[in-house]
Amino acid sequence: MIGKWLDIGPVTQIEPGTARTLPVEGGEEIAVFRTMNGDCYALVNKCPHKQGPLSQGIVHGAVVTCPLHNWNISLMTGEALGDDKGCVPTIPLKMDGGRIFLLREAVLARQAAPQAA
Amino acid sequence: MNAPQNFDRGGRERLVVIGNGMAGCRAVEEILARDPGRYDITIFGAEPRVNYNRIMLSPVLAGEKQFEDIVINPAEWYAGSGITLISGDPVERIDRKMQSVIAASGRVEPYDRLIIATGSDPFIIPVPGKDLPGVVTFRDLDDVNKMLAAADAGGDAVVIGGGLLGLEAAHGLSLRGMKVTVVHLMPTLMERQLDEAAGWLLKEELERRGQTILTGADTEAILERDGHVAGVRLKDGREIPADLVVMAVGIRPSTLLAKAAGIEVERGIVVDDHMVTSDPAILAVGECVQHRGTCYGLVAPLWEMCRALADFLCESPTGYSGSVTSTKLKVSGIDLFSAGDFSGSDGSEDIVMRDAARGIYKRVVVRDNRVIGAVLYGDTGEGSWYFDLLKKGEDISDVREALIFGQAFAMGGALADPNTAVAALSDDAEICGCNGVSKGQVVACIEGGAHSLDAVRSTCKASASCGSCTGLVESLLALTLGSEVKSGPKTMCKCTSFTHDDVRRLILEKQLRAIPQVMQELHWTTPDGCASCRPALNYYLLCAWPGEYEDDQKSRFVNERLHANIQKDGTYSVVPRMWGGLTNPKELRAIADAAEKYGARTVKVTGGQRIDLFGIHKEDLPAIWADLNAAGMVSGHAYGKALRTVKTCVGSEWCRFGTQDSTGLGVKIEHATWGSWMPHKFKIAVSGCPRNCAEATIKDFGVICVDSGYELHVGGNGGIHLRGTDLLCKVETEEQAMEMCGAFIQLYREEAHYLERTAPWIERVGIESLRQRLADVEEVRKLAARFRLSQKYSQHDPWAERAGGKRADLHAHIAQVRPLQMEPAE
Ligand code: SRM
Ligand SMILES: Cc1cc2nc3c(=O)[nH]c(=O)nc-3n(C[C@H](O)[C@H](O)[C@H](O)COP(=O)(O)OP(=O)(O)OC[C@H]3O[C@@H](n4cnc5c(N)ncnc54)[C@H](O)[C@@H]3O)c2cc1C
Ligand code: SF4
Ligand code: FES
């Protein structure tokens, strides 16, 4: 199990109702959200519409409104809500002792093929 | 059975229980009820007393109960059931090889079956001073006695933790006469159980009762004086005096014994559906266990676990499959209930009812026609019904419409349709409590020609005040007119039935000062609004209470939160202010340096007479701002619903046609108006003569200088719908022009709808009415004074604040991932 979860730090680093970003070298940036009632979710930081940075949207309930063209994206499933169609990958997240952990393989899944070393 | 048998003591198996608490004793009771003679039972308890109802420690602290009242099993029970109770002697070790437990006193007790029921330990936050005398937790009777002793001496108490336990402790201590401050890390109290709205109501109520509630407050240290606790210091530097500090920040399953014995432990002691641990001879039950990944902190699940455990030990295994829990707060006079999932997930719908007059908030979360969660504040009568629907997963489509009104109403068959229910009301039934209007009066008013909600409001006043009867009035409209109902003016958004004007008026009338308060008082139908009403409310409150309202950054659109314009690729553009379009070599040099240093891929002169740097990353914003600040430049608010630019032409200083100093006046106006937040963006221009090179007649406020003075124009727009300005008036001096500019802006700030430019606003209200109001010298003076007052609080360069380190979290990544390694940010 060791190395399976990445510790990305204390949850208090994210103000409820906002998100912060986690760049992955050679991969896709991840947005880590914390809702008003304290639940945390992680998504690839790219709107399924035109790759808007979801981390910068307004969070209400467990939904974020994309800052570029106002699509509403579910933080739980990554799915676009309402009439819009599209889905952004979610990253499994767990909390332990007030810290946030992301599933390592999901974080690295979107990495470009390993560079020839 | 897997366990080795040992037929000592009359052939009975020896059952040892570690933990004389709620789960341990209940497990024994359940076993005795099934097979009283089967086991020879010994219970170890660390506490020197019989088993009592731990949850009632709160009423004991509050003085509502005595210890004797909360004893579950008196000494006679143990004796009469043939149980050996060894209290005040904690077990220190489990020897699995020898199948025995060893207590602190040295006593060794062999077992055939062992039950671990050690409960939880309070979590102590690792801050300096945590071990000082006067710092207590809230778990057992000894803790309560310590608190009572402290309360006798009076003074200040700080409770760290605004969850269920913390608030019950705070309540008890404040009833005992202490001055209580609750310090809570999260922005809402009991955030695991309550949503923002209910958390806010709870906070208001506790504050009304004299407690001080600090949310978003992170404890840094516990302070000492003369070897005793003296206070608490928060990370923001605030210090709160304290003679007693109660730590109630959470619990941890008590697993040390099990772990030391080599039993599988994750967060709790891992058990299967029969409460058996990784050692088949050892079971565990209560808060110390982890079942299917979950640890519980409430008693209801323990009862179910104990039944499964007893069934198993008495050889009729049934199995436990986990529990859904619900919470109530035991603070007298505060009714609060929550259950299930209320985070507002996919495809889930919220049914919200708010009754501000009675302080009630009810929210039921429904997904696929099933109740999945509920939060009730103020009236929890229906809690058990919703909880029942939730646990059974019943299809509620038949009662959905009336679900929120409660079981009696929803189950009333035909009454389930609110229209039918309203139709069934008698003519003298009261519809609007605020204005005392009966159903008969509303119907008469509709029949008399009031065919819309607004018309009803203005004729008979029903639903014109608090608005809680809006739904009833709408039903009456539908019933009386059939399909002819005229839809009223558009509501603010789908979260409310109020219009922008209503909301603005009610914020002032009812003195509403926070977003959750507006949502409660005005019966919002969503728990925390949406991306369109949150920014609007934030602006309305900011405008209504200058200097007092604390801006809610998370209710702002990204551009206003990051003080830069987001671009299609997620980078930002940076536009420093150039007063009246003037610049100089020093500024231009700083802009050029910044463009190179931060890799601006495009540098462009904007349509607003200043320079835009494109492609800046959010992490670099504070640094580029610091550089621009150093050259004397501030934010241009090119991103804000705020004053944008004041365009000027060269004017009398150079131009052969110039009649007045248009450049100078533009600069003065920009200095007076920059930084102000508005319903939408606001643009100004000053042209030195009617040739109008600054395009003043397509601006929100335009000045055209003429020989005899200044023509003031308003409501121009060069955007999607081109609109030339209307002439507002003509004035003689610069001072008069500036005064009128402030007055006009303030009128717009106070009366327009959020996201309404001056052009559509003037189209809506009519230029004539504005001309009239601004012809009144007194009114102009008052408006301009209110504008200046609000400017006192908004003319701080937001760039300088951020460059100085404020809200660094908005700009920095939380951490970075490099392949095969990991570096946390802090
Ligand atoms: C940069 C600039 C274009 C330029 O390169 O010249 C610009 C760029 C944008 N304009 Fe503009 N407008 C710019 C001057 C104008 C002007 C000319 C002016 O101000 O004299 C107009 C017409 C005049 C007017 O507003 O009446 C103008 C009418 C609009 C509109 C339509 C507004 C309307 O009421 O119909 C929008 C859309 C909106 O605001 O909703 C808009 C929106 C935008 C946005 C913010 C689009 C967006 O939402 O992302 C663009 C962002 C650019 C950025 O990231 O910096 N921009 N925009 C100009 C910035 C001026 C400045 O220094 O602050
Ligand atoms: C003030 C307060 C109010 C609460 N209010 C509510 C409420 O309103 N509703 C609700 O559902 N829940 C409430 N709870 C939670 C509830 O009390 C617990 O869920 C419940 O008591 C857990 O039972 P348990 O047997 O697992 O643990 P406990 O009741 O804590 O029992 C564990 C016992 O084991 C003993 N022990 C530990 N280690 C050893 C050892 N090595 N040797 C011998 N003995 C040991 C402990 O001293 C303790 O007596 C409240 C809790 C508190 C403290
Ligand atoms: S005119 Fe359109 S494309 Fe050009 S800056 Fe304005 S909003 Fe963007
Ligand atoms: S990129 Fe997100 S809505 Fe367009």
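On a predicted model such as this, the values are computed, not experimentally measured, just so you know. Each chain gets a letter, A, B and so on, in the order the sequences are listed, and its residues count up from 1.
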Given a strict heavy-atom distance threshold of 4.5 Å, which part of [X] is in contact with chain A: side chain, backbone, both, or neither?
X      : answer
B/T526 : neither
B/L562 : side chain
B/Q567 : backbone
B/R561 : side chain

Could you check whether [Y] and [X], counting side-chain N and O atoms only, form a donor-acceptor pair closer than 3.5 Å?
X      : Y      : answer
A/D84  : A/N72  : no
A/H60  : B/R534 : no
B/H184 : B/T215 : no

Flag the one option from [options] with the top tally of heavy-atom pairs under 4.5 Å to chain A.
options                        : result
B/C530, B/G529, B/G570         : B/C530
B/M190, B/R807, B/Q553         : B/R807
B/K554, B/R556, B/E619, B/R192 : B/K554
B/T188, B/D569, B/I566, B/D218 : B/I566
B/A812, B/P527, B/S555, B/G216 : B/A812

Residue selection (most heavy-atom pairs with chain B, distance under 4.5 Å) from [options]:
options                    : value
A/N70, A/L68, A/T18        : A/L68
A/K50, A/Q56, A/M36, A/Q51 : A/Q56
A/H69, A/E29, A/E15        : A/E15
A/G97, A/P67, A/S55, A/G52 : A/P67

Counting only heavy atoms closer than 4.5 Å, note whether [X] contacts chain B via side chain, backbone, both or neither.
X      : result
A/T35  : neither
A/L102 : neither
A/D96  : side chain

Using atom types as modelled and distance alone, determine if a side-chain donor or acceptor of B/S278 lies under 3.5 Å from a backbone N or O of B/E264.
yes
Any chance [atom1] of [X] has more than 12 other-residue heavy atoms, nucleotides or ligands included, within less than 6.0 Å?
X      : atom1 : result
A/K46  : NZ    : no
A/K94  : NZ    : yes
B/D368 : CG    : no

Under the side chain to side chain contact (heavy atoms under 4.5 Å, CB included) criterion, do B/L189 and B/L194 qualify, and how do the steps go?
CA-CA 7 Å; B/L189 294 174; B/L194 299 183; 5.6 Å; no
Check step by step if side chain to side chain contact (heavy atoms under 4.5 Å, CB included) holds for A/W5 and A/L103.
CA-CA 5 Å; A/W5 292 92; A/L103 192 65; 3.9 Å; yes
Rounded to the nearest 0.5 Å, what's the gap from CE on A/M95 to CD1 on A/I100? Could you check?
6.0 Å
